[in-house]
Novice: 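Input: one structure, supplied below.
Please read all numbers here as calculations on a predicted model, not as lab measurements. In what follows, every heavy atom counts, from backbone to side chain, and hydrogens, waters and symmetry copies are set aside.
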Amino acid sequence: MTFEDELKEFIKTIPEKLEHIDSEETSKIALITPFLRLMGYDTTNPAEVKAEYTADVGTKQGEKVDFAVLEDGHPIIFIECKSAANELSTDNISQLYRYFSITDIQIGILTNGVDYKFFTTGEDNNRMDEKPFLDLNLLNLTKKDIKELEKFKKVNFDVDEVVSRADNLKYRNLIKKALVSEFEKPSEDFIKAIGQQVYEGRLTPNIKERFGNLITISITEIINERVNKTLNDAVASNEEEQEDNNAIEVEEEINDDGIITTATEKEGYFIVKSIASELVDPDRVAIRDRKNYCNILFDNNQRFPIVRFYFNNEDHLRVEFYDEITLTKNGGKKGEKIDIEGVSDLYNHKQRMLNVIQQYLDME
């Protein structure tokens with residue numbers, strides 16, 4: 001079983017455990033200690049994982065860390081634990097910050113068993129950076145998150161490598177957040193920077209408001225165009241490499257009730273897989289075509305529709321979303337049908353599809 005598989009099996013147990021957790025100690029027992037074992041650390045060996053580790057230095061006496069991961073008798077990771085019943089706070093970070101100031105530790109983790117914040121030393125090597133270089137929620141992991149987390153497994157962990165990469169990783173994440181914020185609601189400075197490059201007149205409040213809307217639309221178009229180009233290139237490459245196989249598949253589809261999956265349906269399917277990858281393995285998204293419509297399903301289960309395409313008429317594209325479901329008399333599911341101008345418009349409804357996928361995950 002791969003690390004990703006083991007991690008997913010562990011994550012499945014979290015929601016039920018959360019119903020019974022009301023203290024820090026229970027969080028340690030039910031969530032944090034099993035997670036450390038999953039990461040390959042022997043929690044029964046105090047020479048490797050020591051609870052209530054004393055971090056006394058100089059005049060600082062009685063400072064205890066919830067867990068210390070040790071290597072050759074020296075701590076390499078401090079873990080400060082809080083109750084899963086509470087969100088992590090600034091006060092919690094301050095406590096971990098104090099441990100950094102009195103030791104030469106370079107990696108610290110603040111967690112409540114669900115949220116994990118990873119810290120290291122900043123530009124001043126004697127102090128903990130105030131911002132985490134990695135911020136994860138186990139119930140909402142991406143593929144990239146899992147790859148980063150795997151670097152902390154005992155067999156992979158290299159403190160020097162983690163520290164050397166941490167600064168760039170932190171700033172990359174902060175830059176992404178800043179860009180997402182600007183993309184969703186451009187700030188006045190951002191509007192001004194773009195406006196001065198494309199507009200010769202004075203940027204009056206009305207012009208700035210107009211440009212703010214235009215920038216948001218333009219960014220969405222750029223992202224859609226680039227994603228579509230990548231998808232189209234991938235489809236073309238795949239068709240070129242597997243020309244013979246594709247010919248057989250089309251023939252089988254024609255012979256099987258005359259169903260043909262169109263290029264537009266395939267493109268829509270790839271877009272949904274791309275969107276779903278933010279929550280789940282995209283392989284859990286399946287396509288099942290019918291004569292009059294094309295279903296995109298979760299786990300290839302007819303009872304778990306994500307979206308339905310009505311793309312037989314290329315000039316009139318319609319989709320049906322299932323985040324708000326109405327049950328029909330025969331027990332079927334009826335969603336909301338809307339028209340879209342092009343298949344790339346599916347990105348404009350990303351959250352609706354993520355919502356319904358999350359509903360199915362909650363049922364597991």
Side-chain angles (χ1 to χ4, degrees), residues 87-90 93 115 117-119 122-124 127 129-137 140 142-145 148 165-234 264 267-268 270-279 307 315-319 321 323-324 336 338-355 358:
E87 294 184 1
L88 300 179
S89 68
T90 304
I93 295 174
D115 293 305
K117 297 180 184 293
F118 295 75
F119 297 86
E123 295 179 2
D124 182 347
R127 295 180 182 274
D129 201 329
E130 294 181 1
K131 296 185 182 295
F133 67 87
L134 190 60
D135 193 346
L136 306 177
N137 180 295
N140 190 26
T142 65
K143 284 269 190 184
K144 181 187 171 190
D145 292 335
E148 291 295 338
R165 292 181 64 254
D167 204 43
N168 282 340
L169 183 61
K170 179 192 72 173
Y171 284 114
R172 276 168 46 199
N173 289 334
L174 291 174
I175 289 170
K176 285 180 183 178
K177 288 181 180 179
L179 287 174
V180 168
S181 177
E182 292 288 3
F183 291 172
E184 292 179 348
K185 188 177 181 181
S187 66
E188 185 170 349
D189 288 340
F190 189 69
I191 294 171
K192 184 177 179 181
I194 299 297
Q196 288 176 339
Q197 296 182 51
V198 300
Y199 187 70
E200 296 181 356
R202 190 169 69 90
L203 295 175
T204 64
N206 287 339
I207 294 295
K208 289 179 182 178
E209 182 179 357
R210 175 188 170 197
F211 269 55
N213 294 330
L214 291 175
I215 288 171
T216 301
I217 294 170
S218 299
I219 289 171
T220 301
E221 289 177 347
I222 290 170
I223 294 173
N224 288 344
E225 288 167 3
R226 293 198 173 189
V227 170
N228 283 335
K229 184 179 184 303
T230 301
L231 290 171
N232 290 334
D233 288 347
T264 306
E267 184 178 353
F270 290 136
I271 288 175
V272 177
K273 284 172 71 77
S274 173
I275 290 172
S277 67
E278 294 189 16
L279 287 179
V307 65
D315 296 324
H316 183 198
L317 304 183
R318 174 170 289 185
V319 292
F321 293 105
D323 52 334
E324 296 182 3
E336 179 188 0
I338 67 170
D339 295 333
I340 58 176
E341 293 184 2
V343 69
S344 63
D345 284 353
L346 287 168
Y347 284 105
N348 298 330
H349 304 280
K350 165 184 166 181
Q351 196 56 52
R352 300 191 69 171
M353 288 179 275
L354 290 177
N355 288 344
Q358 187 61 58

Novice: Do other residues, nucleotides or ligands put more than 12 heavy atoms under 6.0 Å from the CZ atom of Arg210?
Specialist: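 No, not enclosed.
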Novice: For the backbone of Thr142 and the side chain of Glu278, can you confirm whether one donor and one acceptor N or O come within less than 3.5 Å of each other?
Specialist: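 Side chain of Glu278 to backbone of Thr142: no pair is present.
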Novice: Could you tell me the separation between the CD1 atom of Ile93 and the NZ atom of Lys131, rounded to the nearest 0.5 Å?
Specialist: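 So the gap between those two atoms works out to 9.0 Å.
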Novice: Quick check: do Tyr347 and Ser274 have side-chain heavy atoms less than 4.5 Å from each other?
Specialist: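 When only atoms from C-beta onward are counted, Ser274 and Tyr347 do touch, with a gap below 4.5 Å.
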Novice: Taking C-beta and beyond as the side chain, do Val319 and His349 meet within less than 4.5 Å on heavy atoms?
Specialist: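 No; the side chains remain at least 4.5 Å from each other.
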Novice: I'd like to check Asp129 versus Phe119 (side-chain heavy atoms, cut-off strictly below 4.5 Å). Are they in contact?
Specialist: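 No, every pair of side-chain atoms sits at 4.5 Å or beyond.
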Novice: If you draw a 6.0 Å radius around NZ in Lys208, do more than 12 non-hydrogen atoms from other residues or ligands fall strictly inside?
Specialist: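 Check passes, neighbour count above 12.
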Novice: If every non-hydrogen atom of Gln358 is compared with every non-hydrogen atom of Leu279, which pair is closest and at what distance?
Specialist: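 Heavy atoms only, the tightest pair is OE1-CD2, 3.7 Å.
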Novice: Tell me, do Ile275 and Leu354 make a side-chain contact under 4.5 Å, heavy atoms counted?
Specialist: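 They are in side-chain contact.
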Novice: How close do Pro132 and Lys117 get, heavy atom to heavy atom, and via which atoms?
Specialist: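 Closest approach of Pro132 to Lys117, heavy atoms only: CB-CB, 4.1 Å.
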Novice: Minimum heavy-atom separation for Pro186 and Ile215, please, with both atom names.
Specialist: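 For Pro186 versus Ile215, the nearest heavy atoms are CG-CG2, 4.0 Å.
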Novice: Could you tell me whether a side-chain N or O of Gln197 sits under 3.5 Å from a main-chain N or O of Ala193, the two making a donor and an acceptor?
Specialist: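 Yes; at least one donor-acceptor contact below 3.5 Å.
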Novice: Does the side chain of Asp339 reach to within under 4.5 Å of the side chain of His316, using non-hydrogen atoms?
Specialist: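 In short, these two side chains touch, coming nearer than 4.5 Å.
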Novice: Between Leu136 and Asp115, is a side chain to side chain contact (heavy atoms under 4.5 Å, CB included) present by the stated rule, with each step listed?
Specialist: CA-CA 6 Å; Leu136 306 177; Asp115 293 305; over 6 Å; no
Novice: We want to know whether Glu209 and Asn213 form a side-chain donor-acceptor pair, criterion being a heavy-atom distance below 3.5 angstrom.
Specialist: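 Judged by distance alone, the side chains do not pair up.
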